[in-house]
S.K.: 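Input: one structure, supplied below.
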Amino acid sequence: MTTTESSSTLSAAGTLEAELERLLSVESFPPPADFVRRVPYEADAAAAAADPVAFWADKARELLDWDTPFTKVLNDENPPFYKWFEDGTLNVSANCLDRHVAAGRGDKVAYYWAGEEGERKVVTYADLLEETQRLANGLRSLGVGPGDVVGIFLPMIPQVAVAMLACARIGAVHNVVFGGFAPSAVRERMEVSEAKVLITVDGARRKGRTAPVKAAVDEEKMGDLPSLEHIIVVEAVGAAGLGGQRAPMTPGRDIWYEELIAAADPVCPPVAMSAEAPLFILYSSGSTAKPKGILHTTGGYLLGAAYTHRTVFDLDPETDIYWCSADVGWITGHSYIVYGPLANGATSVMYEGAPDYPDYDVWWKLIAEFKVTIFYTAPTAIRACMKWGAEYPARHDLSSLRVLGTVGEPINPKAWLWYHLVIGGGRCPIVDTWWQTETGSIMISPVPGVTSTKPGSATRPLPGISPALLTEDGQPLAAGTGVLVITKPWPSMLRTLYRDDERFVQTYFSRFGPTTYLVGDAARLDPDGYFWIIGRIDDVINVSGHRLSTAEVESAIVAHEAVAEAAVVAQADEQTGQAIVAFVTLAGDRVGDDAMVAELREHVATKIGKLARPKRVIWADDLPKTRSGKIMRRLLRDIAEGRALGDVTTLRDPAVMAALAAKVAAAGPED
Ligand code: WT7
């Protein structure tokens, strides 16, 4: 069934709630009858089903410009070290910029940039190309060459795309760190990747305030890192934004971005890179405290990003205005703000700001202003908007929208229906896109106008992608719940963990052998062949679609001098999907009071970033451990979520659990 109610009617008190309730019983939503698909799909599906490798080869020729055409498509001689298009050469920035400009589309808008105080900037493909070439030459003048790592720690400003593309232009490998991470996390990532240059900003604005980013970076003594030779600083807020003083600069080491590009030659021919040359590293959380440096390469990655961006969002670069609300610091931003959209010659909106500043309607205002046709966001954001109320979107004309997307975590059916009715006016297909930093591009998703959607299901694999469910001992499952794997290589898959092939094999290709990629998620397959992602099977917590490792948060907490021991678990959370709960044992006679909770949360914020702060801290005299000393997180999850306690017989001291449970129960419900 399809609905046609407009959001304004639905915002009437009671009507929306009743409609949501009614639709909760609808299992499947066929493609809206009047949705006109612009990108052909059926031929791809048929070709990929017949021969996935030949399908990818065709798409690589169709969607990308090659300097040297490849003759080999897939090299699978040494799994899991797969190679795609290995004898072909191309340049990612040339595919994202030069070819569009050469085709006479230099004046086409690449980004409509919006700042939170109402600032606007229009960046065309020709603008991007010129600044990218200048920065590429600037980087070269600092000694950066092919294979060198360049760190990028920038807010959502157009320069972040320029920085990434400038690296790609000269074969340098970028390592973007999410702007919300603490400078100490930036330092760690620069150190382990041996970055030669860091590109950052003087200050970043958020909700009317300015964070002095460069000064904070300096506090981490980044200059002490032996590999780091230079810090390039974008002057985004200037002295006016920083209380009258420009950002501190160390002569000889620090360079203003604006001065570097002004002095640089505006012409920098793109370097033809091997399809298998590293394009970027992106650190992501895993089961241990040490983040994993996920490595993506040139040809396969760009193909995955371009193909899926076009197919999943039904992109028509001539008419669509596309907006992905993610941050460039995550893989979603890499693939669906920078590389996919630019490779496809799309026009995007880039927004530097929060969804609730200056008011709760700012996103909807932007959609109306730019006449956004495709909007891609996260379930956690949709749930926040639901809480604020349908009156905010109702203030704006959202009729330009035609496709809506979500990513990052399972979406609960009620949020899906709210998105469908209130934002999509009942007429826009919703693509619930499942993928990971490791997969590089979307793997399982509805195709608008083609796939019937079921709220909460990412539905079916895209052409050329082969997911499957296995039992714990590796038996294939035709339906039911199991461990999600991918059984065939795909072009945009990670190639390794940076300088750690062993951990790469161990993490993803040891449990079921070297040709079966272990995703790390559990999923259910329904009788229609639809995948329903359940969640992580490892010690990874998904807070608002952000991946955090329990071990990483624990090690940050125990680094506090008052803490003896800590165990971190996830608790289901209505707003953020999952929330972090920390069980903490204090050292000596330290007292667990509210002030200590605040102190620990702040401590975690400075070690990792605000997003890793525990929502709840539970003081424990002791933690439940097995006889071999392993903390039983399963039991802690039961306590955190108020469930009856599971089997405690394997514990060294079962009384620990009873004491802890009694304590949490006595404290009453969480704040
Ligand atoms: C993990 C990957 C891919 C960009 C954002 C996160 C979860 C992602 C969905 C979805 C259910 C999802 C999985 C996955 N996830 N998309 N549509 N439905 N779960 O990238 O940080 O690498 O995290 O996010 O658990 O393994 P990431």
Side-chain angles (χ1 to χ4, degrees), residues 44 47-61 63-64 66 68-90 92 147 171 173 273-282 284 286 292-308 331 334-335 339-340 434-444 461-468 470 474 483-521:
D44 286 1
D51 184 344
V53 175
F55 160 75
W56 285 121
D58 284 347
K59 287 293 152 190
R61 290 186 197 102
L63 298 179
L64 304 182
W66 296 81
T68 321
F70 55 88
T71 62
K72 293 187 210 162
V73 183
L74 170 66
N75 175 341
D76 57 2
E77 282 157 25
N78 182 28
F81 298 96
Y82 296 101
K83 293 185 172 127
W84 286 89
F85 320 116
E86 60 180 315
D87 62 349
T89 68
L90 74 167
V92 165
V173 180
M273 300 299 295
S274 154
E276 279 297 336
L279 177 65
F280 67 85
I281 315 167
L282 188 56
S284 184
K292 301 185 289 196
I294 291 163
L295 181 84
H296 283 287
T297 57
T298 299
Y301 170 78
L302 191 64
L303 173 61
Y307 176 70
T308 55
I331 190 70
H334 282 56
S335 302
Y339 292 119
W434 175 85
W435 59 297
Q436 310 176 288
T437 309
E438 290 88 340
T439 68
S441 57
I442 299 169
M443 306 289 278
I444 304 178
L462 292 178
I465 304 299
S466 311
L470 303 181
V483 174
L484 185 62
V485 296
I486 316 285
T487 60
K488 289 193 179 95
W490 66 101
S492 68
M493 68 193 292
L494 79 166
R495 295 301 191 268
T496 191
L497 295 179
Y498 191 60
R499 295 191 183 153
D500 202 347
D501 288 347
E502 211 179 296
R503 189 175 177 200
F504 166 67
V505 175
Q506 178 57 36
T507 309
Y508 307 105
F509 291 99
S510 61
R511 182 150 170 200
F512 300 117
T515 60
T516 304
Y517 170 78
L518 179 71
V519 162
D521 284 350

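Throughout, numbering of the chain's residues begins at 1 and tracks the sequence. Predicted model, so just to flag it, every value in this text is computed and none were measured.
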S.K.: As a test of understanding, state which of L484, L462, D521, V519 forms a side chain to side chain contact (heavy atoms under 4.5 Å, CB included) with P467.
M.R.: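 Option passing the side chain to side chain contact (heavy atoms under 4.5 Å, CB included) with P467: L484.
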
S.K.: Considering all heavy atoms of both residues, which atom of G440 and which atom of S335 are nearest to each other, and what is their separation?
M.R.: O-OG, 2.7 Å

S.K.: For the pair E86 (side chain) and K72 (backbone), establish whether a donor and an acceptor sit closer than 3.5 Å, ignoring hydrogens and angles.
M.R.: no

S.K.: Looking at K83, I want to see if its NZ is surrounded by more than 12 non-hydrogen atoms of other residues, nucleotides or ligands under 6.0 Å.
M.R.: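 Counting neighbours around NZ of K83, 12 or fewer heavy atoms of other residues, nucleotides or ligands fall under 6.0 Å, so no.
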
S.K.: Check the orientation of F70 and F85. Use parallel for under 30°, tilted for 30 to 60°, and perpendicular for over 60°.
M.R.: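 Taking F85 first and then F70, their aromatic rings sit tilted (interplane angle of 30° to 60°).
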
S.K.: Can you measure from CD1 (I465) to CD1 (I486) and round to the nearest 0.5 angstrom?
M.R.: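 Nearest 0.5 Å value for the CD1-CD1 distance: 7.0 Å.
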
S.K.: Check the angle between the aromatic planes of Y339 and Y301 and answer parallel, tilted or perpendicular using the 30° and 60° thresholds.
M.R.: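 Aromatic pair Y339/Y301 classed perpendicular.
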
S.K.: Before giving the answer on side chain to side chain contact (heavy atoms under 4.5 Å, CB included), spell out for W84 and V73 the whole-Å C-alpha distance, their side-chain angles and the decisive distance to 0.1 Å.
M.R.: CA-CA 5 Å; W84 286 89; V73 183; 3.9 Å; yes

S.K.: Can K292 and D500 be counted as an ion pair, charged N to O under 4.0 angstrom?
M.R.: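 Salt bridge between K292 and D500, a charged N being under 4.0 Å from a carboxylate O: no.
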
S.K.: Under the 3.5 angstrom rule, does the side chain of H296 hit a backbone N or O of T437 as a donor-acceptor pair?
M.R.: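 Such a contact is found between H296 side chain and T437 backbone.
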
S.K.: Give, for atom CG of L279 and atom NE2 of H334, the distance between the pair rounded to the nearest 0.5 Å.
M.R.: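 Here the interatomic distance stands at 8.0 Å.
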
S.K.: Please identify which of these residues, T496, I281, L494, I331, meets the side chain to side chain contact (heavy atoms under 4.5 Å, CB included) condition with I294.
M.R.: L494

S.K.: Looking only at heavy atoms, what is the nearest atom pair of P52 and G464, with distance?
M.R.: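 Between these two residues, the closest heavy atoms are CB-CA, 4.4 Å.
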
S.K.: Applying ring-ring contact (aromatic ring centres under 6.0 Å, His included) between F504 and each of Y82, F509, Y498, report the one that passes.
M.R.: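 Considering Y82, F509, Y498, a ring-ring contact (aromatic ring centres under 6.0 Å, His included) with F504 is found only for F509.
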
S.K.: Taking all heavy atoms of T507 and all of L497, pick out the closest pair and write down the distance.
M.R.: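 In terms of heavy atoms, the two residues are closest at OG1-CD1, 4.3 Å.
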
S.K.: Short question: side chain of E438, backbone of M493 - any donor-acceptor pair under 3.5 Å?
M.R.: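 Looks like no, no N/O pair under 3.5 Å.
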
S.K.: Does some side-chain heavy atom of R495 sit less than 4.5 Å from a side-chain heavy atom of F81?
M.R.: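 Side-chain contact under 4.5 Å: no.
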
S.K.: I need the minimum non-hydrogen distance between T298 and A277, along with the two atoms involved.
M.R.: OG1-O, 2.8 Å

S.K.: Considering residues at least two apart in sequence or located in another chain, which fulfil the side chain to side chain donor-acceptor pair (under 3.5 Å) criterion with D58?
M.R.: none

S.K.: State which residue, out of V485, L518, T516, fulfils the side chain to side chain contact (heavy atoms under 4.5 Å, CB included) condition with R511.
M.R.: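 Exactly one option meets the side chain to side chain contact (heavy atoms under 4.5 Å, CB included) with R511, and it is L518.
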
S.K.: Could you tell me whether the side chain of D87 reaches within less than 4.5 Å of the side chain of T68, counting heavy atoms only?
M.R.: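 No, too far: nothing below the 4.5 Å cut-off.
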
S.K.: What heavy-atom pair brings P463 and D44 nearest, and what distance separates the two atoms?
M.R.: CB-O, 4.0 Å

S.K.: Ignoring hydrogens, what is the shortest heavy-atom contact between W490 and M443? Give both atom names and the distance.
M.R.: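 Minimum heavy-atom separation between W490 and M443: CE2-CE, 3.4 Å.
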
